[in-house]
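This report refers to the structure that appears directly beneath it.
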Amino acid sequence: MADDKDQRYDPAAIEPKWQARWAADPHLYAADPPASGKPKYYLLEMLPYPSGQLHMGHVRNYAIGDALARHMWMRGYNVLHPMGWDAFGLPAENAALKNNTPPRQWTLGNIAAMKRQMLRLGLGYDWATEITTCLPEYYRWNQWFFLRMLEKDLAYRKQSKVNWCPDCATVLANEQVIDGCCWRHEETRVEQRDLEQWFLRTTAYAQELLDGLDKLDGWPEKVRTMQRNWIGRSQGAEVDFRFERSMHDLLVEQSGEAKPAASQTHQIIRVFTTRIDTIFGATSVQLAPEHPMVGTLASADHGLRVQVDELIAEQKKARASGDLTAIDKHGVPTGHFAVNPFNNELLPIWIANYVLMDYGTGAIMSVPAHDERDFEFAKKYALPIRRVIAPADPNAEEPELPFTSEDGVLVNSGEYSGLRCAEAQKRLQEVAASGAFGEAKITYRLKDWGVSRQRYWGTPIPMIHCDRDGLVPVPDDQLPVVLPENIEITQQGGSPLGRVPEFVHVKCPKCGEPARRETDTMDTFVDSSWYFYRYTDAQNDHAPFDSAKAQHWFPIDQYIGGVEHAILHLIYSRFWTKVMRDLDLVANDEPARRLFTQGMVIKDGAKMSKSKGNVVSPDDMVARYGADATRMYALFAAPPDRDLDWQEDGVAGVSRFLGRVYRLVTKYSCVAKSNAPAARETQASPTTATLLRKLHQTIARITLDFEGRWHFNTCVAAIMELVNELQAADAELASGEVPAPVVAELLRTLVLLLAPFAPYLAAELWEDLGGEGAILRAPWPKSDPGLAKEEEVEIPVQINGKLVTVVRVAAGADSKSIEAAALTDRKVQLRVAGKTVAKVIVVPGRAISLVVK
RNA sequence: GCGGAAGUGGUGAAAUGGCAAACACACUAGCCUUAGGAGCUAGCGCCGCAAGGCUUGCGGGUUCGAGUCCCGCCUUCCGCACCA
């Protein structure tokens, strides 16, 4: 017996050794140039925010990606597997406030720490293409893209109501407001502020973003649905209702006691509806409390002002609580009227708390007979309810109201009565358009992307405010507009850059007169909207990337990340790709062919969080069990798309398994290396056949999983089964009953199969077995179907649907011999005795089923 | 309300319509020892001494055969939501 110490699996010795060797070979994980002729495979995991520490979610994400990358390398693909840092953002400023550390220093320090963790985990990234979004070499291209969008009218500035988070002291995009609260501060209610802001015209691509989802069949249905909901297309029409003042107002006006408000005399209320076919059933018009006309009306009527303010307050509160449906529908009559352009009926105008200003036109026509909400409202205020749609089937019973089906026929609708709903919608839209009082209209919930942030740690928006020339873009040759260093960070309103005179004061590029720089910075989601293109040409200093290089690699073959980015990042980056395509920079319409969203890592049934105190540190795990065991457990404990409950005992179990593999391989590596004459032609022992069969079955299972299903948990289980079987055959291996070349094949293949999941141990054992070159480029094993085939199979026998017994037959046995075997079985004969076999169903190799009467 | 995913042992889970619970964890008993976060052997869904019976959220259906397919419910998680 050799020294036991040497037989002990010690990741703390093996892993740093290989880490150093890999670090010394910068080409190991680098992609070949396009000319290599190998098929390309662009595999990407979402880049992390450099908070300072990897968390288990990262480890899982990267363990999945790295296993796949290693497998693809072994399959002979030219793999692009890059990593970078999403390095702008508020936490750096908060840290600056707290520790008095400059954001840049804090961020770069965190990057160094996290990169060390990634290297320690043995993740195979090509660090030559690393990107860091907070460095000018990167963010200057954000500015460059911004200017291109400005030229194409895809970037613009407007005064608007914006979401303001008091804790971030900055504006948020709609996508960053969750249930009325900030995405970073779940307890902080977002306020509305009126500010001049820069916007990117995402709505210009709303329809294409929606249509593109149908073709993204490599994306999870869940993500596609979420994006469809977010884009929120609805098809309908806008119709103008003429404003008609109340009788009281007219009388007062005629008596000369009050001056008419000129602006109100010929006003028009434009409503949006998806059911223009029901317009003859409209019995009132409802305005959102924040509708501009309400403001005008209320300015002359103090009582109304108070009521309206109350409605607005209710909406805000409901929005903050996240459930708008819960608030009680109510409203305030204005006393004024709107004229239905189709029948000139006078409809009372109400202000209602359930009508939203930020959707459609902020005004609706109320058709109680055919809309749930309108019905509820009309009941409450005893407004008339007029049915104008009848079921399509003339024999159908009188429908209960509200009758919201569109499968119907118009009634009580003048000359349009008798038309089907769909026809009527078309006709009425045409009539409205030809009479210039309406048009067909498609409304989206998606809004333009507000990208201005009043913070320091972001990309400066490359614009200059000149008193003479207005808004002047920074010329391309003056990019980048560099973020100044060593500035004072405060949380008090306004951009910190506004307090840096040497940044603000600039000469106008047009007239040369003194001017002011824009002091807002860009939303950090700009950085991540195109970063993956930069990986294809990370060092380029005269363009964001070379289009030819991007075209070679794009689209991304596989993108992997958390589902929490389903809306924000994944819509913005799809938008950016379409813009770049229209700038002739790329040829692809979509950034990623396939998207995989891995499940969360949880502990004791709850998401890991500092406040719950259930955070498991990757460093701890690596220190105790090694990187291989940590990574392999992350793949073994659950299929990658499901949530994973972190149980440390499980990591210990995987670690023990790796120890068994280590002992097994090192014990027989001498035999495997012995170069004994290939003696396989002699009668193979049963054990040899069994082991080879198991081996080739395992290769087939794992290979199949890598090709799409990705159930790496069962891949690991399959390797465990193989090892269990090898261990069970220890006597035969030790006695030499299994020939040396077979031992070599068994062990070498085992190590190759292990390589994507436990790269350190695989590299160590590969070397021990005398494997040539890096195991990363060793060919992935092929399953030999002849060796994998079972000689005998067990066939379950069912009688009248019940399992009775199992019979053994030769693997290729035909239906007749299976039937014969079943019918001669003792248990079967006992049950069949005295009865007739009415029917026999045989699925060769699978099952036999008898129907007995 | 709309949409998506899921529901199987004490736990994580496995199962192209064909022997439910593979592989692990935990546990139990035993062995070994250089006493280790080690190794080995055996047991481990439920009821039962056993023979045997029962078991994949609930109720139906299709089928020779259903955890798997279909219909209807229930529960949980996620996303969207007075979207006109």
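For clarity, every value in this text was computed on a predicted model and none was experimentally measured. Letters A, B, ... are given to chains in the order of the sequence lines, protein chains preceding strands, and every chain is numbered from 1.
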Please list, for nucleotides 15-21 of chain B, all pairs of protein and nucleotide N/O atoms separated by less than 3.5 Å.
residue	atom	partner	partner atom	Å
B/A15	OP1	A/Arg709	NH1	2.8
B/A15	OP1	A/Arg709	NH2	3.1
B/U16	O4	A/Arg846	NE	2.6
B/U16	O4	A/Arg846	NH2	2.7
B/G18	O2'	A/Arg846	O	3.1
B/G18	N2	A/Gln798	OE1	3.4
B/C19	N3	A/Glu794	OE1	3.3
B/C19	N4	A/Glu794	OE1	2.4

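- Base orientation at B/G72 is anti, since its O4'-C1' glycosidic dihedral falls outside 90° of 0.
- At the phosphate of B/C83, OP1 or OP2 sits under 4.0 Å from a side-chain N or O atom of A/Arg373.
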Decide yes or no on salt bridge (Lys or Arg N to Asp or Glu O under 4.0 Å) for A/Asp371 and A/Arg373, but give the supporting numbers first. CA-CA 6 Å; A/Asp371 182 278; A/Arg373 294 151 304 179; 2.8 Å; yes

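- Between A/Thr273 and A/Glu221, the residue whose closest nucleotide on RNA chain B is further toward the 5' end is A/Glu221.
- Across all strands shown, A/Gln727 has heavy atoms under 4.0 Å from sugar-phosphate atoms exclusively, and none from any base.
- Checking the phosphate oxygens (OP1, OP2) of B/A22, no side-chain nitrogen or oxygen of A/Asn724 falls inside 4.0 Å.
- Note on ring orientation: taking the six-membered ring where Trp is involved, the planes of A/Phe706 and A/Phe712 are tilted (angle from 30° to 60°).
- Among the heavy atoms of the strands lying under 4.0 Å from A/Ala637 are primed sugar atoms or P, OP1, OP2 only; no base atom is included.
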A/Lys853 and A/Lys835: side-chain contact (heavy atoms from CB on, under 4.5 Å), yes or no, with the steps? CA-CA 6 Å; A/Lys853 282 175 186 162; A/Lys835 297 176 181 167; over 6 Å; no

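- Within 4.0 Å of A/Val355, counting heavy atoms only, lies at least one base atom of the nucleic acid.
- In this entry the distance linking CG of A/Leu644 with P of B/A6 reads 17 Å, nearest Å.
- A/Pro220 comes within 4.0 angstrom of no nucleic acid atom, judged by non-hydrogen atoms across all strands.
- Per the geometry, CZ belonging to A/Arg445 stands 8 Å off P belonging to B/C80, to the nearest Å.
- Computed from coordinates, the A/Trp646 CH2 to B/U11 P distance equals 21 Å when rounded to whole Å.
- Across all strands, A/Gly653 comes closer than 4.0 Å only to sugar-phosphate atoms, never to a base (heavy-atom distances).
- Atom NZ of A/Lys441 has 12 or fewer neighbouring heavy atoms from other residues, nucleotides or ligands inside a 6.0 Å radius.
- Heavy atoms of A/Phe636 sit under 4.0 angstrom from at least one base atom.
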Between the protein and nucleotides 56-62 of chain B, list the N/O to N/O atom pairs that are separated by less than 3.5 angstrom.
none

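- The distance between atom CG of A/Asp277 and atom P of B/A84, rounded to the nearest whole Å, is 13 Å.
- Residue A/Asp374 is classed as having no contact, given no heavy-atom separation below 4.0 Å to the nucleic acid.
- Counting only heavy atoms from C-beta outward, the side chains of A/Trp230 and A/Leu210 never approach each other to under 4.5 Å.
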Which nucleotides of RNA chain B pair, in dot-bracket form (Watson-Crick or G-U under 3.5 Å, | meaning another strand): (((((((..(((.....[....))).(((((.......))))).(((....)))..(((((..]....))))))))))))....

Stepwise, does the ring-ring contact (aromatic ring centres under 6.0 Å, His included) test hold for A/Tyr633 with A/Tyr625? CA-CA 10 Å; A/Tyr633 174 74; A/Tyr625 305 103; 9.4 Å; no

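- Residue contacts for A/Gly360: at a heavy-atom cut-off of 4.0 Å it reaches no nucleic acid atom on any strand shown.
- At a threshold of 4.0 angstrom between heavy atoms, the contacts of A/Arg228 with the nucleic acid are absent.
- A/Asp649 comes within 4.0 angstrom of sugar-phosphate atoms only, judged by non-hydrogen atoms across all strands, and of no base.
- Within the 4.0 angstrom heavy-atom criterion, only backbone atoms of the sugar-phosphate kind lie near A/Asp643; the bases stay farther away.
- Between A/Tyr381 and A/Trp350, the ring-plane angle classifies as tilted under the 30° and 60° cut-offs.
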Test side-chain contact (heavy atoms from CB on, under 4.5 Å) on A/Glu314 and A/Leu311 and set out the steps. CA-CA 5 Å; A/Glu314 281 169 17; A/Leu311 295 179; 4.0 Å; yes

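- Put simply, the side chain of A/Leu401 reaches to within 4.5 Å of the side chain of A/Ile385, judged on heavy atoms.
- Ring geometry for A/Tyr662 against A/Tyr9 counts as tilted: the plane angle lies between 30° and 60°, on a 0 to 90° scale.
- Here the side chain of A/Lys839 is nearest to one of B/C64, B/A26, B/A14, namely B/C64.
- The side chain of A/Arg642 places no N or O atom within less than 4.0 Å of a non-bridging phosphate oxygen (OP1 or OP2) of B/G12.
- Rounded to whole Å, atom C1' of B/G37 lies 14 Å from atom CG of A/Leu658.
- The distance between atom CD1 of A/Ile602 and atom C1' of B/A5, rounded to the nearest whole Å, is 14 Å.
- For A/Thr225 and B/C80, the shortest distance from a side-chain N or O to OP1 or OP2 is not below 4.0 Å.
- An OP1 or OP2 oxygen of B/A14 is reached within less than 4.0 angstrom by a side-chain nitrogen or oxygen of A/Asn713.
- Computed from coordinates, the A/Asn229 CG to B/G79 P distance equals 12 Å when rounded to whole Å.
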